[in-house]
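Just below is one structure, and these are the notes that go with it.
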Amino acid sequence: MEAANLLATTNGAALLVGPETCTSTPTPSSEILGTTPGGTDLPGREPPFSVFTVLVVTLLILLIAATFLWNLLVLVTILRVRAFHRVPHNLVASTAVSDVLVAALVMPLSLVSELSAGRRWQLGRSLCQVWISFDVLCCTASIWNVAAIALDRYWTITRHLQYTLRTRRRASAVMIALTWALSALIALAPLLFGWGEAYDAQLQRCQVKEAPPEAEMVFTARCRATVTFQTSGDSWREQKEKRAALMVGILIGVFVLCWIPFFLAELISPLCACSLPPIWKSIFLWLGYSNSFFNPLIYTAFNKNYNNAFKSLFTKQR
């Protein structure tokens with residue numbers, strides 16, 4: 001009996017070290033092909049190294065780099081040119097700061113989440129909360145800074161007698177302070193008061209708070225009156241007013257195109273108890289992020305002083 005048991009044990013050991021042990025070697029190759037550790041394919045996900053994935057990732061990296069560098073160029077120009085140390089360039093600088101933070105802190109972590117299998121958040125709960133806080137803070141500040149620029153342009157044109165330089169300075173300072181204070185309150189309130197949990201450890205999910213739609217409502221409420229001050233004439237002031245009106249209109253139009261799909265999806269999904277496919281959520285989110293890239297392009301394209309300052313900046317460096 002003991003010999004039989006010893007023989008069975010020996011045979012069992014042989015089975016463990018025999019040819020069957022080689023069957024577990026394909027596991028790493030399956031991970032390279034984009035499967036889960038259990039060997040199951042992820043439905044609806046492209047392989048990590050497909051041509052389409054590489055192309056999309058390259059475009060997103062270029063978008064992040066261009067957004068950061070372009071807004072940083074605007075900030076450096078405003079700091080170095082003394083003529084820009086006044087209204088409305090302080091509003092432009094505030095917008096550039098929020099957009100730089102979006103490109104530096106928000107978009108890279110969002111790209112990391114996009115690259116993970118199933119959009120899983122593998123960076124932990126603490127970094128999830130930091131990312132969400134900066135996402136809400138920077139995006140909300142960017143939106144309200146654009147609204148502040150639009151309001152400043154509107155009041156300058158429609159109330160140029162009452163909206164003096166002194167009043168304009170005070171109004172811009174108040175708008176900048178309110179923009180960042182309210183954005184910080186919206187971003188930090190869920191963490192301070194424990195309103196909901198953004199990170200799901202089991203599903204490895206890290207989802208943003210639904211705070212920015214309030215900023216969109218405030219912004220769009222100020223958009224309608226921008227076309228009511230058009231007058232006929234060829235004077236210098238009227239030409240300046242028309243140019244400013246065109247800039248505000250384009251600024252608002254690009255904002256609506258970039259952010260309204262995200263806001264509508266976030267507002268409608270809870271109401272109808274339905275959810276969009278993850279690919280569309282990603283598209284709407286990155287479309288909103290791209291607004292930080294278009295902002296400096298718009299408000300510098302309609303100001304020749306910025307173009308001249310950019311040229312002189314690069315000329316001096318050479």
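Keep in mind that what you see is a predicted model, and the values were worked out from it rather than measured. Just so you know, these numbers use all the heavy atoms, side chains as well, and skip hydrogens, waters and symmetry mates.
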For this session: Using the six-membered ring wherever Trp is involved, compare the ring planes of F263 and F255 and label them parallel, tilted or perpendicular (cut-offs 30° and 60°).
Result: tilted
Exercise. Taking the six-membered ring for Trp, are F262 and W259 parallel (under 30°), tilted (30 to 60°) or perpendicular (over 60°)?
Worked result: perpendicular
Problem set entry | CZ/F310: more than 12 non-hydrogen atoms of other groups inside 6.0 Å |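 Yes - once you tally the heavy atoms of other residues, nucleotides and ligands closer than 6.0 Å, there are more than 12.
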Problem set entry | side chain to side chain contact (heavy atoms under 4.5 Å, CB included) assessment of N145 paired with I149 | CA-CA 6 Å; N145 276 314; I149 292 177; 5.6 Å; no
Single-linkage hydrophobic cluster [X]~[Y], side-chain heavy atoms < 4.5 angstrom:
| X | Y | value |
| --- | --- | --- |
| F284 | L59 | no |
| V112 | L60 | yes |
| Y289 | L69 | yes |
| F68 | L79 | no |
| V256 | L246 | yes |

Exercise. Is there a donor in the side chain of S98 and an acceptor in the side chain of W144, or the other way round, less than 3.5 Å apart?
Worked result: no
Please examine the side chains of [Y] and [X], heavy atoms only from C-beta on, and report whether any two atoms are closer than 4.5 Å.
| X | Y | answer |
| --- | --- | --- |
| P261 | W280 | no |
| L105 | W131 | no |
| T167 | W155 | no |

If you measure from [atom1] on [X] to [atom2] on [Y], what distance do you get to the nearest 0.5 Å?
| X | Y | atom1 | atom2 | result |
| --- | --- | --- | --- | --- |
| T77 | L73 | OG1 | CG | 4.5 Å |
| I176 | T95 | CD1 | OG1 | 8.0 Å |
| M175 | R168 | CE | CZ | 9.0 Å |
| M107 | D135 | CE | CG | 10.5 Å |
| S282 | L287 | OG | CG | 12.0 Å |
| N295 | T67 | CG | OG1 | 9.5 Å |

Sidechain-backbone polar pair: [X] side chain, [Y] backbone, donor-acceptor under 3.5 Å:
| X | Y | result |
| --- | --- | --- |
| S290 | F293 | no |
| T140 | L137 | no |
| S94 | N90 | no |

For this session: Test side chain to side chain contact (heavy atoms under 4.5 Å, CB included) on F134 and V130 and set out the steps.
Result: CA-CA 6 Å; F134 276 105; V130 171; 3.7 Å; yes
Minimum heavy-atom distance [X]-[Y], with the two atoms named:
| X | Y | result |
| --- | --- | --- |
| S292 | N71 | O-ND2, 3.1 Å |
| V102 | C139 | CG2-N, 4.1 Å |
| L109 | W121 | O-CZ3, 4.0 Å |
| T179 | A141 | CG2-O, 3.6 Å |
| C138 | L101 | SG-CB, 3.4 Å |
| F84 | H89 | O-CB, 3.0 Å |

Problem set entry | Intermediate values then yes/no, side chain to side chain contact (heavy atoms under 4.5 Å, CB included), W286 and L63 | CA-CA 10 Å; W286 281 92; L63 176 63; 4.3 Å; yes
For this session: Please name the residue in the list T158, T156, D152 that meets the side-chain hydrogen bond (donor to acceptor under 3.5 Å, both in side chains) test with Y163.
Result: D152
Problem set entry | Chi angles and distances behind the side chain to side chain contact (heavy atoms under 4.5 Å, CB included) call for W180, V97 | CA-CA 11 Å; W180 288 100; V97 168; 4.1 Å; yes
